[in-house]
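What follows is a single structure, written as structure tokens, with notes after it.
Values in this document were obtained by computation on a predicted structure and should not be read as measured data. Throughout, a chain's letter reflects where its sequence line sits, starting with A, and its residues are numbered from 1.
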Amino acid sequence: MRFAVTKVCGGGGKARVGALHIGGGGIAIETPALLLSTRKGLPSFVSCDHLASLPLPDSLLLHVCPTHFMEGPPLKTISNIGGLHHMLGLPDHILVAAAGDSIESLPSSEATNKFGASFDTPSGRRLVKPSDYMELVSCMKPNLWASLADEVPAWVTDKRNKISVDRTLRWLDACIALDADSGTNGFGVIVGGSSVEQRRLCATEVSKRNVSGFWIGGFGLGENIEDRCSLLNAVTDCLPPEKPRLVSRLGLPEEVLEGVAAGIDLFDSTYIYQLTMGGFALIFPIDMVEREIQNGTFNNDGGDSTKINLRASTYRKDTSRLVDSCNCFTCQNHTRAYLNHLLNVHEMLAQILLEIHNTHHYLHFFRSIREAIKVGKFDLFRQQFVKKRRASITAAVL
Amino acid sequence: MNWKRALLTDSGGFQMSPLLHLADITEEGVTFQSPVDGKPMLLTPEESIHIQNNIGADIIMALDDVVKTTITGPRIEEAMYRTLRWIDRCIAAHKKPDVQNLFGIVQGGLDPVLRDICVKGLVERNLPGYAIGGLAGGEDKDSFWRVVAQCTAGLPENKPRYVMGVGYPLDIVVCSALGADMYDCVYPTRTARFGTALVPEGVLKLKQNAMATDERPIDPTCSCMVCKKYTRAYLHCLVTKDAMGSQLLSYHNLSFMMRLSRDLHMSILEGRFPEFVRGFLRVQFPKGDVPQWVRNAMEVAGIDISECCASTKCLTPSIDEQPPLPIPVEANGGVPN
């Protein structure tokens, strides 16, 4: 894997565009980028034929949880099949493995102990030791992997928080030692909870290890939103600029923008899945903000909300597309009324169509972010976006 | 739906069956309790055709008075005659006969006399196509094929015969041998959701423990997307647990059914249909234990499957052992000597 920062947003900002060269085909993924969330390696609803028609190469980046496979197939079988890429039928995709996610592999810090990290999964609570984890990683052969970490929620005691930092560092060293490639594809996980001091300590220590990138964990677990910004920046300030930084569980548009502003390159989030399960479709106009930035004008007649709930009866007879300018399969072929109907009769096609559209839309949001950084207007982009969102939410409430 | 290919809609009659305990079937139509808000709803032949006209499918079905084949008694006769009266109301109500094809449905339970009356009655109305209804409801297979055979013998040669609710691949092969053309069934997708894949040998239950380490595709002879990409071992961990499992298995099962249809079609076109049937049965019944009803049906269909059947005893049953075969009825109502 090779990573290089290609453009930093000027004016003292930390937002940056980079290029991640990875995978057999030598594909270059531009960052900031989104890792699509998966269940047992595949998207929840988008089958491989539709996955191929999502924006490329953006949609090649997938977040895979090794812990989803603890109930099978057996490691030997996974090895025999040739690893994850073969088993999932995704030879060209970039698979990034990390132990926890927000849906099916939730860190249960109260059960984590000195031997391993505990996760709540659909088949019960599982303790994962570094050796178990690295065995999974070596059989699966993902393109990149994050070390096993002890992620704790924001409300734990200082003592517990400190322990989590110690364990995470110990397990990082254990993972690197167990790795056949000595960590060349490994991302070191940084924890530290809500303590700026612990965060800085952990970040500095992880930087000393021979890792190819940084996985910032422990966010999205109950910390104060106001504190998050300073915590995130405290971490990125301690990290070398030439290696990629990923933050986990921060997926809302504003959170992404905040992360990018702090110098984050990659995001792993289940936002798209949550939207889809709720029957929501993203509709915030990305192009408009782009166009406005290019023209230098900023249109403030509000009323553009960011998402619609297709279950609402207002859409029963709405024969318009989700988003007129969207090129995804869903918008090219179906109407809001049809989606409303599918949701009403509990047809899985609703989730399939929504996941396609939401993924498509959100990947384009990330493209816009990159464009804004390239033309040196990221801060403006962010301000306008947040302002529009707040205005429309306020308007909706009033 | 943005579906650019052919569409067929049912009358809504069958879908009401689960609600029939709350229903009242009268000459007017079927009154049942709406599952949405509990209010009484009336589905008449006119209303059914009206709705189907609006949906705009290429083939629409008449509203028939459906009775389960497990029921006996005068109710079956009543339902059959009512179906004939309702077909006239459907025809009268049909606003788009030049773009939508209204099929009549043959009822009459398992009674050959009633079936004969119904077939003749529908044929008189000169409809674009005919369905054989009231089957696929739990009746024994030996009765099932006889009704199909009787109907296909009596229905016009040059119009499609649609066996509703069928079904299992074996049933489709038998009915095709007996002269049926169209089928519909929830089986392929429903069984997929329960983790069962359709294969030439029969079924493959992916939830079984043995599948957890099986690195083969579902069916090595299948060229569908699922069989090209995924192993049984991986699918084993998905099925019944993840939406993707249902999707992938449904995809394969539907591919299987489409391949079966294509194979049946091509084998008939190329004059090797009996050979295809023999091949099909050999793979499904490698021990030669072809069920008796299949043997009986194939005999009436004129397909020699003796080499697929294990015991020679069953090949040419004596007159005493043989169950009575239906008397074929000609289109003009005559009975051959």
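- Along residues 128-139 of chain A, no residue comes nearer than 4.5 angstrom to chain B, judged on non-hydrogen atoms.
- In this structure, B:Lys207 places its NZ atom where only 12 or fewer heavy-atom neighbours from other residues, nucleotides or ligands lie under 6.0 Å away.
- Atom CD1 of residue A:Ile78 and atom CD of residue B:Glu215 lie 10.5 Å apart, to the nearest 0.5 angstrom.
- Rounded to the nearest 0.5 Å, atoms CE (B:Met244) and CD1 (A:Ile352) are 7.5 Å apart.
- Counting non-hydrogen atoms of neighbouring residues, nucleotides and ligands closer than 6.0 angstrom, the CZ atom of A:Arg125 exceeds 12 such neighbours.
- The neighbour count for A:Met70 CE, taken as heavy atoms of other residues, nucleotides or ligands under 6.0 Å away, is above 12.
- Closest approach of A:Pro73 and B:Ala233 over heavy atoms only: CG-O, 3.8 Å.
- Counting heavy-atom pairs closer than 4.5 Å to chain B, the top residue among A:Gln351, A:Lys76, A:His334 is A:His334.
- Interatomic distance, NE2 of A:His68 versus CG of B:Asp242, reported as 9.0 Å (0.5 Å rounding).
- The OG1 atom of A:Thr335 sits 12.0 Å away from atom CE of B:Met1, with the distance rounded to the nearest 0.5 Å.
- The minimum heavy-atom distance between B:Tyr230 and A:Cys48, with the atom names listed, is OH-SG, 3.5 Å.
- Counting non-hydrogen atoms of other residues, nucleotides and ligands closer than 6.0 Å to OH of B:Tyr183 gives a total above 12.
- Ranked by heavy-atom pairs under 4.5 Å with chain A, the list B:Lys229, B:Lys241, B:Met211 is led by B:Lys229.
- More than 12 heavy atoms of other residues, nucleotides or ligands lie within 6.0 Å of NZ in B:Lys96, so this atom counts as buried by the packing criterion.
- For a residue to count as touching a neighbouring chain, one of its non-hydrogen atoms must lie under 4.5 Å from one of that chain's; by this rule A:Ser44 touches chain B with the backbone only.
- Within a 6.0 Å sphere centred on CG of B:Asn209, other residues, nucleotides and ligands contribute 12 heavy atoms or fewer.
- Interface residue B:Thr231: only side-chain heavy atoms are found under 4.5 Å from chain A.
- At most 12 non-hydrogen atoms from other residues, nucleotides or ligands lie less than 6.0 angstrom from CE of B:Met258.
- In this structure, B:Cys237 and A:Glu71 have side chains that are not in contact, with every pair of non-hydrogen atoms separated by 4.5 Å or more.
- Contact annotation for residues 80-89 of chain A against chain B (heavy-atom separation below 4.5 Å, listed by residue number): A:Asn80, A:Ile81, A:His86, A:Met87, A:Leu88, A:Gly89.
- Although no hydrogens or angles enter the test, the distance criterion places no donor-acceptor pair under 3.5 Å between the side chain of B:Tyr251 and the main chain of A:Ser47.
- Contacts between A:Phe45 and chain B at a heavy-atom distance below 4.5 Å involve backbone atoms as well as side-chain atoms.
- Within 6.0 Å of the CD atom in B:Glu28, the count of heavy atoms belonging to other residues, nucleotides or ligands does not exceed 12.
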